[in-house]
Amino acid sequence: MGKLGTLGARLHHGEVGYDFVKNRKLWYGISILITITAIVGLAVRGLHMGIEFQGGAVFTTPKNMSASVSQAETYAEEASGHDAIVQKLGDGSLRIQISGTDTAASDQIKEDLSKDLDVPAEKINADLVGPSWGDQIANKAWQGLGIFMVLVVIYLAIAFEWRMALAAFVALVHDITITVGIYALVGFEVTPGTVIGLLTILGYSLYDTVVVFDSLKEQTRDITKQTRWAYAEIANRSINSTLVRSINTTVVALLPVGGLLFIGGGVLGAGMLNDISLSLFVGLAAGAYSSIFIATPLVADLKEAEPQMKALKKRVLAKRAQAAAKGEPVESETGDEQYADDEADEPDDTAAAVVGPRNQPASRTRGRGRPSGKRR
């Protein structure tokens with residue numbers, strides 16, 4: 001953990017870093033490919049809607065049933081002609097869920113299950129679920145999602161600027177599309193818990209994005225008054241300075257959710273945990289990805305289309321070309337100082353300066369512990 005902390009400090013101070021913004025076309029291509037796959041999966045396979053959205057019947061057997069889950073599932077599908085979901089509860093009873101059945105059909109299914117499971121029909125509890133409740137939940141969820149999106153865009157436009165609001169909006173749509181597409185491809189049942197999970201991941205995704213945007217806003221204050229870095233380069237510094245923080249918060253959030261999904265739902269067979277845990281797991285991972293690889297590079301693209309930022313970039317490149325012609329140290333695109341003079345007699349492991357609110361470079365050491373200063 002000490003090495004990770006050291007890496008985080010070096011990333012924060014600009015001593016090391018990866019050029020995320022420069023490779024933004026690659027990230028855009030990967031995201032487009034994943035999004036297209038999710039949309040195709042959604043169009044071809046569709047969502048497996050739960051009983052709360054389709055309506056149906058739920059049968060609960062007495063305790064300590066000898067029949068296995070697979071046997072009960074086969075009996076239920078043969079009796080109803082529909083797919084069935086069977087879960088074994090803690091007391092040994094079976095919960096058999098069949099979608100798309102009405103009252104008349106549920107009575108016959110109950111009789112058939114009674115014979116197949118060798119249980120008196122009166123001891124099997126049958127509950128009918130209408131689709132209206134699920135439709136109401138879905139409508140409220142869409143309304144909540146729409147209101148959330150509008151408020152987020154307005155807030156970010158006020159707190160930051162409209163370009164950041166647009167980039168955050170694109171990132172949120174990206175995360176939701178991927179999560180819903182994964183549900184379609186995997187075939188997990190969509191329940192009210194899934195809807196709750198989808199609404200929850202929006203906050204996590206937005207958190208990571210706002211952290212980077214806040215750093216970017218601080219570091220680009222009075223950006224046109226300096227000629228050391230272009231906007232995209234400072235945007236890249238903002239990503240690197242918050243990278244370890246984003247990774248740590250995402251991993252800490254994914255660990256318990258992964259436990260619910262892979263151990264609770266997969267190993268222990270608690271299938272009811274899959275609906276919310278899958279949406280949280282995929283959404284958290286997609287949110288961390290979009291904040292680093294989508295939102296901030298998109299802001300850089302939008303900002304560098306401005307005339308002021310174009311002019312700044314020209315001045316920065318012109319200054320670097322002039323410095324290179326004189327053999328003076330120049331800033332690379334990642335912020336590291338490089339020397340154009342091939343006859344430099346000493347290696348230079350100089351760290352890049354921090355771009356702070358006032359664009360003042362931090363102190364540095366050059367070579368083997370020599371104090372900072374111009375190269376002679």
Side-chain angles (χ1 to χ4, degrees), residues 1-5 7-8 31 34 37-38 41-42 45 47-53 58 60 68-70 72-73 84-97 137 141 144-145 148 171-172 174-211 242-294:
M1 294 303 292
K3 292 183 178 179
L4 183 61
L7 175 61
S31 294
I34 296 175
T37 303
L42 185 61
R45 293 178 58 89
L47 293 174
H48 183 198
M49 306 303 292
I51 192 173
E52 295 86 356
F53 298 98
V58 179
T60 306
S68 65
V69 171
S70 59
E73 188 175 286
I85 298 177
V86 180
Q87 296 171 331
K88 195 154 193 175
L89 305 181
D91 57 3
S93 61
L94 297 175
R95 184 179 184 271
I96 304 172
Q97 178 178 304
I137 291 179
L145 178 61
F148 174 82
L172 288 176
H174 167 274
D175 299 341
I176 294 176
T177 303
I178 290 178
T179 304
V180 174
I182 293 295
Y183 255 88
L185 293 172
V186 174
F188 278 11
E189 188 179 34
V190 177
T191 67
T194 305
V195 177
I196 295 172
L198 286 174
L199 295 177
T200 303
I201 64 175
L202 299 179
Y204 282 98
S205 175
L206 192 63
Y207 170 79
D208 282 339
T209 302
V210 168
V211 167
T242 58
L243 182 61
V244 171
R245 177 179 179 179
S246 297
I247 293 175
N248 286 338
T249 55
T250 301
V251 171
V252 169
L254 284 176
L255 286 176
V257 175
L260 289 176
L261 177 61
F262 299 109
I263 299 178
V267 178
L268 301 180
M272 296 181 68
L273 297 175
N274 289 336
D275 51 2
I276 188 171
S277 59
L278 179 63
S279 61
L280 288 175
F281 189 87
V282 176
L284 289 173
Y289 171 85
S290 64
S291 64
I292 296 172
F293 298 98
I294 302 298

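All values below were derived from every heavy atom in this structure, side-chain atoms included, with hydrogens, water molecules and symmetry-related copies excluded.
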Pairing residues for Gln97 by the side chain to side chain donor-acceptor pair (under 3.5 Å) criterion, not counting sequence neighbours: Arg95, Glu189

Ignoring hydrogens and angles, tell me if any N or O in the side chain of Ser205 forms a donor-acceptor pair with the backbone of Ile201 under 3.5 Å. no

Heavy-atom closest pair (Ala184 atom, Gly41 atom, distance to 0.1 Å) is CB-O, 3.7 Å

How far does CG of Leu254 sit from CD1 of Ile247, to the nearest 0.5 angstrom? 11.5 Å

Quick one: CG on Leu47 to OG1 on Thr194, what's the gap to the nearest 0.5 Å? 9.0 Å

Would Ile292 and Asp208 satisfy side chain to side chain contact (heavy atoms under 4.5 Å, CB included), going step by step from the backbone distance to the final call? CA-CA 8 Å; Ile292 296 172; Asp208 282 339; over 6 Å; no

Can you give me the closest heavy-atom contact between Ser290 and His174, atom names plus distance? CB-ND1, 3.7 Å

Residue pair Ala288 / Ser291: nearest heavy atoms and the distance that separates them: O-OG, 2.9 Å

Of all heavy-atom pairs linking Ala72 and Leu94, the shortest is CB-CD1, 3.7 Å

Smallest separation among heavy atoms of Phe188 and Leu278, with atom names: CD2-CD2, 3.3 Å

Can a donor-acceptor pair be found between the side chains of Tyr289 and Ser31 at a distance below 3.5 Å? yes

Go through Thr37 and Leu185 one step at a time and tell me if the side chain to side chain contact (heavy atoms under 4.5 Å, CB included) criterion holds. CA-CA 9 Å; Thr37 303; Leu185 293 172; 4.2 Å; yes

Nearest 0.5 angstrom please: Tyr204 OH to Thr249 OG1, how far? 9.5 Å

To the closest 0.5 Å, what do you measure between CG (Leu42) and CD1 (Ile178)? 13.0 Å

Closest approach of Leu198 to Ser279 (non-hydrogen atoms, all atoms of both residues): N-OG, 4.1 Å

Rounded to the nearest 0.5 Å, what's the gap from OG1 on Thr242 to CG on Asn248? Could you check? 11.5 Å

How would you list, by chain and number, every residue that makes a side chain to side chain donor-acceptor pair (under 3.5 Å) with Thr209, sequence neighbours excluded? none

Give, for atom CG of Asp175 and atom CG of Leu206, the distance between the pair rounded to the nearest 0.5 Å. 10.0 Å

